[in-house]
Amino acid sequence: MTTLSTILRDADPTAHETRSPQARALTRARVMSLPASANTQRAFSRRQAFAMAAVLGAIAVGAGVFGWRQASVDVAAMRFEARLAESNETILANRDIQTARMVTLHDRDRSGNTSSTFGVELTFTSEGAEKMRRATEEHIGEHLQLMIDGEVVMAPLIRGAISSSAMLSGNYTWEQASRIVDGLLKGKLELRNDK
Amino acid sequence: MSSPTERLSLIFDTHEDKLYRLARRLTRSAEEAEDLLQDTFVKAAGALGSIPDGTPKEEAWLVRVLINTQRDHWRKATVRKRAAPIAPALTALPASTAETALIAKRAVWAALDTLTPRRRAILVLSELEGLAPDAIASLVGGTVVTVRWHLSIGRRELRCALASHLGEKR
């Protein structure tokens, strides 16, 4: 009965040949002639290095495109205001915003196609959150008007009481959403500088 | 504190024998094995700072580098092989062995050549060096489960390739 192990052992080259001392000495001499360096370097294979270069490249390109789009949008600080459409009552201003960021919303229609739109997620300062909660609680079903530099950029429907954070799910395009985020953050920054 | 050159010399003398044996079992000839060993120490010489202290850790580092180096060679060779198929150049085997045994060995080494270097190394360390899966895992990196998986797949691949030899010879 021949097993795989015996076949492998029979074919083992180190069992049949002895290493030539000259070859060993030559290898040692070559290695010892190298400039030894105490550098730290991870033992990356060439393939891994390529993969990393590719990933870094993609990130750089992405960041470049993002930066460019940011720059083309991000021109000046914008005054932010949130008010109730019905009563024109102003609820929040720039100082009430804690953070603003863009979020991707995924939708699936009846035939199963998915599409992505963008929304803006806002979080409010504790003071702003309390003002917002009070105002929206009483006005569910009405529209909120978000204004940037006195212009209504969107008028989302108030679906429930909003307090510390709000998702503005208006099915915006990337440009619209990013413009809103920029406006909100810039305005907040400017306000802080004014203080 | 030893100088980088002293450390390189120490590392070479400590691990060279074992590494040569592994290199020889991953390659087709003694010359290729010497080259592979040399390439491994070239990398070690350039990065002594990243070799961890302690003999077992040093060995594991060197074994991994050796396998990765061989993998790069192997990939290039595989691409070449795809362009010009199958010419097993196994001239390094001793001519004194009986012809049937020689043919069997050629078949074994041709079959081993189809394994990825990492899998081949794991198989060789287990079958020829007699190491347990956990010892192999700490040497080549990865988990014991991964090592067992490589062993099982590697054995199956070899059995398929060597079906005729396993069945009839001896």
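From a predicted model like this one, the values you see are computed outputs, not experimental measurements. Lettering of chains follows the sequences in order, A, B, ..., and the numbering in each one begins at 1.
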Report task. Check side chain to side chain contact (heavy atoms under 4.5 Å, CB included) between B/Asp53 and all other residues, then give those that pass, not counting sequence neighbours. Result -> B/Arg7

**Report entry** Min side-chain heavy-atom separation B/Arg24-A/Arg19 under 4.5 Å
**Finding:** no

Query - From CZ (B/Arg25) to OG1 (A/Thr14), nearest 0.5 Å - result: 3.5 Å

Report task. Using non-hydrogen atoms and a 4.5 Å limit, figure out which bit of B/Val42 sits close to chain A: side chain, backbone, both or neither. Result -> both

Query raised in the report: Can you tell me how far the CD atom of B/Glu31 sits from the OG atom of A/Ser20, to the nearest 0.5 Å?
Result: 9.0 Å

Query raised in the report: Listed by residue number, which members of residues 24-31 of chain A have a heavy atom under 4.5 Å from any heavy atom of chain B?
Result: A/Arg24, A/Thr27, A/Arg28, A/Arg30, A/Val31

**Report entry** Greater than 12 external heavy atoms within 6.0 Å of A/Glu127's CD
**Finding:** no

Report summary line: Shortest non-hydrogen pair, A/Pro13 vs B/Trp109, comes out as CD-CZ2, 2.7 Å

Requested in this report: Not counting sequence neighbours, which residues clear salt bridge (Lys or Arg N to Asp or Glu O under 4.0 Å) with B/Asp35? List them please.
Outcome: none

Query raised in the report: Rounded to the nearest 0.5 Å, what separation is found between the CG atom of B/Leu158 and the CD1 atom of A/Ile7?
Result: 9.0 Å

**Report entry** Segment of B/Ile51 engaging chain A (4.5 angstrom heavy-atom cut-off)
**Finding:** neither

Query raised in the report: Does B/Trp149 share a hydrophobic cluster with B/Leu115, counting links as ILVMFWY side-chain heavy atoms below 4.5 Å and allowing steps through other members?
Result: no

Report task. Please collect all ring-ring contact (aromatic ring centres under 6.0 Å, His included) contacts where either partner lies in residues 17-43 of chain B, sequence neighbours excluded, each pair once. Result -> B/Phe12-B/Phe41

Query raised in the report: Quick one: CG on A/Asp12 to CZ on B/Arg21, what's the gap to the nearest 0.5 Å?
Result: 9.0 Å

Query raised in the report: Are A/Met32 and B/Leu36 joined in one hydrophobic group, where the rule is that I, L, V, M, F, W and Y side chains link up if heavy atoms are under 4.5 Å apart?
Result: yes

